[in-house]
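Here's the structure we're looking at; comments come further down.
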Amino acid sequence: MYFNKNSHFLSGSIMISALIMLSGSGLEGLIRMIISRSENYAPDMLDPFLWKVQTVCSILKAATIIAVFITSYKKLLKRKNIVPKEDHAEMGILQREVFGSDLSTLSADDTEQLLMIWGVILGGAECVYYISSIIYRHFTAQLMMMAVLGQQYDSFVPLYNLTHGFKYLEMMTAILLGVAMTAIFLRDRFLGLASGVIMVVFLVAFAALQMQSVGQMVIVWTSVIFHLTETVGLFVLSIYLAKHYRGL
């Protein structure tokens, strides 16, 4: 059985999730720009107010994204259950005969599986990301305390930069695995290659690139790559899927 070729259960859900993440990151960034701190030697995540903002944003992002995928999944099941389950196979054969090349790229079952996979990745991984952020914040606070007490702040910066990528590694891997699995479903070599290239770039930034100061702003390249991937990257992915694959 196949859905209408103009259906966008998966690509639509990914696009809305990307917009949610972009809005959350934009709000955090705006608040950071507005608030000036005297303790500019410490990472932003150690600022109590900024940490509360990040916590609220993370919870709202996770809850909203999960709600988006649950809503899409219910709509998909409602559309799918119009035809009795035992008739799905025969309906698929009939649709292939009638629509031919105009048929949706994937069957209803494959679309359902991909929707569940991406729901777990973007909703579940966001929850895990928040928990890992709590642990990493505690680790950073202890590291900062040791550097200050030992009057060796210069040694804190490279250590912080070296470990910062661990905060994003889990969700970055989850997103790129989602892209790779989607590529397998669609037999799309470009998506598979793109996910591999982005991961290599992230790992190179993780292992080799140092933090850079631009005026009052400090750039952590693993953070930049991750946030671009979870916002702009997912948005571009949703457009790519909607444009190149019917009914996705």
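The figures here come from the full heavy-atom set of this structure, side chains too, leaving out hydrogens, waters and symmetry mates.
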Check the pair Cys57 / Val53 against side-chain contact (heavy atoms from CB on, under 4.5 Å), numbers first and verdict last.
-> CA-CA 6 Å; Cys57 286; Val53 171; 4.2 Å; yes
Criterion side-chain contact (heavy atoms from CB on, under 4.5 Å) against Tyr245, the qualifying member of Thr111, Asp188, Thr182 | Asp188
Please report the shortest heavy-atom distance between Leu191 and Ala183, naming the atom on each side.
-> CB-CB, 3.6 Å
Sole residue of Leu169, Val197, Thr229 in side-chain contact (heavy atoms from CB on, under 4.5 Å) with Phe202 = Leu169
Closest approach of Leu115 and Ser13, non-hydrogen atoms and distance?
-> CD1-OG, 3.8 Å
So, for Thr222 and Ala205, which heavy atoms are closest and what is the spacing to 0.1 Å?
-> CG2-C, 3.9 Å
Is it true that a side-chain atom of Ser11 and a backbone atom of Leu248 form a donor plus acceptor pair closer than 3.5 Å?
-> yes
CZ on Phe3 to OG on Ser107, rounded to 0.5 Å | 9.0 Å
To the nearest 0.5 Å, tell me how far Thr231 OG1 sits from Ile20 CD1.
-> 13.0 Å
Residue pair Gln54 / Tyr130, side-chain donor-acceptor N/O under 3.5 Å = no
Shortest non-hydrogen contact from Phe9 toward Ser72 = CD2-O, 3.8 Å
Is there a path of hydrophobic side-chain contacts, each under 4.5 Å between heavy atoms of I, L, V, M, F, W or Y residues, that connects Val120 with Tyr73?
-> no
Interatomic distance, Met181 atom CE to Leu114 atom CG [nearest 0.5 angstrom] | 8.0 Å
Would Ser7 and Arg79 satisfy side-chain hydrogen bond (donor to acceptor under 3.5 Å, both in side chains), going step by step from the backbone distance to the final call?
-> CA-CA 10 Å; Ser7 299; Arg79 184 89 61 86; 3.1 Å; yes
Counting distance only, does the side-chain N/O of Asp110 pair as donor-acceptor with the main-chain N or O of Leu106 below 3.5 Å?
-> no
Dump the intermediate steps for side-chain contact (heavy atoms from CB on, under 4.5 Å) on Trp118 and Leu234, then the final yes or no.
-> CA-CA 11 Å; Trp118 275 103; Leu234 287 178; 3.9 Å; yes
Return the minimal non-hydrogen interatomic distance between Gly123 and Ala62, and the atom names on each side.
-> O-CB, 4.5 Å
same_hphob_cluster(Leu186, Leu193) at 4.5 Å side-chain heavy-atom cutoff | yes
Evaluate the side-chain proximity of Asp109 to Glu112: yes if any heavy-atom separation is below 4.5 Å, no if none is.
-> yes
Step through it carefully: locate the ring centre of Tyr136, locate the ring centre of Phe166, and say whether they are under 6.0 Å apart.
-> no
Can you tell me how far the CE atom of Met171 sits from the CD1 atom of Ile121, to the nearest 0.5 Å?
-> 9.5 Å
State, to 0.1 Å, how close Ser17 and Leu122 come at their nearest heavy-atom pair, and which atoms those are.
-> CB-CD1, 3.8 Å
Over 60° means perpendicular and under 30° means parallel, so classify the ring planes of Phe190 and Tyr240, tilted if in between.
-> tilted
Lys75, NZ: over 12 other non-hydrogen atoms inside 6.0 angstrom | no
So do Phe206 and Ile225 actually touch side chain to side chain, heavy atoms under 4.5 Å?
-> no
Going hydrophobic residue to hydrophobic residue with side-chain gaps under 4.5 angstrom, can you get from Ile117 over to Met172?
-> yes
Hey, what do you get for OG (Ser195) to CG (Leu237), rounding to the nearest 0.5 Å?
-> 10.0 Å
Cluster question for you: counting only ILVMFWY and a side-chain heavy-atom cut-off of under 4.5 Å, with indirect links fine, are Met116 and Val68 together?
-> yes
Check step by step if side-chain contact (heavy atoms from CB on, under 4.5 Å) holds for Glu126 and Met21.
-> CA-CA 10 Å; Glu126 183 69 37; Met21 291 180 177; 4.0 Å; yes
Would you check if there is a donor-acceptor pair between the side chains of Tyr129 and Ser58 at a distance under 3.5 Å?
-> no
Quick one: are Phe69 and Ile65 in side-chain contact, heavy atoms under 4.5 Å?
-> yes
Look up atom CD in Glu230 and atom CD1 in Ile175, then write down how far apart they are to the nearest 0.5 Å.
-> 6.0 Å
Flag yes if Val224 and Val232 sit in one hydrophobic cluster, no otherwise; membership is Ile, Leu, Val, Met, Phe, Trp, Tyr, and two members link when side-chain heavy atoms are under 4.5 Å apart.
-> yes
Does any N or O in the side chain of Thr64 come within less than 3.5 Å of the main-chain N or O of Lys61, such that one atom is a donor and the other an acceptor?
-> no
Starting from the C-alpha separation in whole Å, work towards a yes-or-no answer on side-chain contact (heavy atoms from CB on, under 4.5 Å) for His8 and Leu241.
-> CA-CA 9 Å; His8 297 288; Leu241 293 176; over 6 Å; no
